[in-house]
Amino acid sequence: MDAVVEDITGIIHELARVRRIATVQPRDNLLAQGIVDSLAIVKLMLFLEDRFPIRISDEDIVPENFRDIESLCRFVQSKMR
Amino acid sequence: MDFSLTEDQISMRSEVIRFARRELNDDVVARDAANEFSLKGWRRCAKMGIQGLPFPREYGGSGADLVTLAVVMQALGYACADHGLLFAIAAQMVSVQMPLAQFGTEEQKARYLQPMCSGERIGAFCLSEPGSGSDAFGLSTTATRNGDCYVLNGSKTFITNAPVADVFLVFATTDKGAGFMGITAFLVEKGSAGLMVGKPIGKLGLRTSPMSEVFLHECVVPAANRLGRVGMGQRLFTASMQWERTLILAFGIGAMERQIEACVAYARERKQFGQPIGGFQAVANRIVDMQVRFETSRLLLYHAAWLLQQGRLSDMEAAMTKLYVSESCLQSSLDAIQVHGGYGYTTECQVERSLRDAVGGRLYSGTSEIQRNTIARSLGL
């Protein structure tokens, strides 16, 4: 598995455990399920900026980038280019 | 590191204390008992420049920095006995005027921010709902796009200023599938079809600050009244919450200062067993603890306000300030009553009103439990 996908899947599963959600599929809606909520987004952003050479701006925090694991991976990969 | 206030800040503090004592303290005991808001006091504060203090000059403000705002709010809290009025003003400044100043269009600023600075219009922040309080983004209120308008449906509760408001900053879901990123903010004017304000809600304290429910039924709002972009409600809320958690209890620190002065005077004058009660260590130590709490609260407030001004305030620092100051205000009020004994328990003494006013501080702008959660999360727990 690509390192980006692996790391992002890992942190999302960690956030999901807080919500007592056992498994998350790549296209499950993270926002609708509350896995990424207003508190988790802070932890997620800190993790992504720490793990990858990217900076996330306020303009980046839109549903298209955070809706599911697939879109999150696409967002991080595009930032790294 | 320089902890001293500037000459301007010292002079402004003295001026505000004189103003508050002269203009804001009429009939507070009676108005508190009657749950009566003072529109006269609101307008006097606006004339004094309070509501516009930190906002740009082009919209009727003074462009003051946030440490100066903290100093002024503390001075008001010290000299003004009507903390319901101060709470109502602070709530508008940090949660309605601030997002307007930061996210509003030029037209919105001219139409809403300017008259709020001048005291002509009153704003209310409408986020909490019967089903979502601490979980602020679990909103049921919806906004559906319809041509050049949005149609809002839902209900809001615990809305400070609602009974007297001219403008309501309403948060609604525009995309249910987007969770907290699907929240958008709207400016809804009083008199809009489908907007209804409920009866005033009675409260334990801050009784001169009016509060009620707000109902939205097929309420049509022009798209031009959307504040910020679609889905930007959370960002707008977070920005205003930093201001709110830092500054809204500044007037409570002023109350602590006043309580200490009153307690020292009473403990020196009141005699039991042949000596002033301040001579007993049990009483003196209680007042000492009040003083330590006051000083530490003030340092936290000024530091957080300074960081906020620099754009460097973290959620943890805002939460620590809100948590510590609100808990200190409550404890200080309890201590002040204890020092005054039976007299402190009476309405006439006015310390009991401070206690009732202080209880709300642990609830609004995020409960003490929520502040602790934020701090714990920031620590990586």
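Small disclaimer: the values here were computed from a predicted structure and weren't measured. Reminder, nothing fancy here: chain letters follow the sequence lines and each chain counts from 1.
- V36(A) and F180(B) make their closest contact through O-CE2, 3.4 Å (heavy atoms, listed as atom of the first residue, atom of the second, distance).
- Atom CD of E107(B) sits in a sparse spot, with 12 or fewer heavy atoms from other residues, nucleotides or ligands closer than 6.0 Å.
- Within a 6.0 Å radius of OH in Y302(B), other residues, nucleotides and ligands contribute more than 12 heavy atoms.
- Residue I41(A) holds its CD1 atom at 4.0 Å from CE of M181(B), rounded to the nearest 0.5 Å.
- To the nearest 0.5 Å, atoms OG (S38(A)) and CZ (R235(B)) are separated by 15.5 Å.
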For a side-chain contact (heavy atoms from CB on, under 4.5 Å) check, start with the C-alpha distance between E59(A) and R229(B), then their side-chain angles and the critical distance, and finish with the verdict.
CA-CA 10 Å; E59(A) 282 67 34; R229(B) 294 196 313 265; 4.2 Å; yes
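- The number of heavy-atom neighbours closer than 6.0 Å to CZ of R27(A), taken from other residues, nucleotides and ligands shown, is 12 or below.
- When heavy atoms are compared at a cutoff of 4.5 Å, D175(B) approaches chain A solely by way of its side chain, counted from C-beta outward.
- With hydrogens and angles ignored, the 3.5 Å screen pairs no side-chain donor or acceptor of N29(A) with any backbone N or O of A178(B).
- For L46(A), no part sits under 4.5 Å from any heavy atom of chain B, backbone or side chain.
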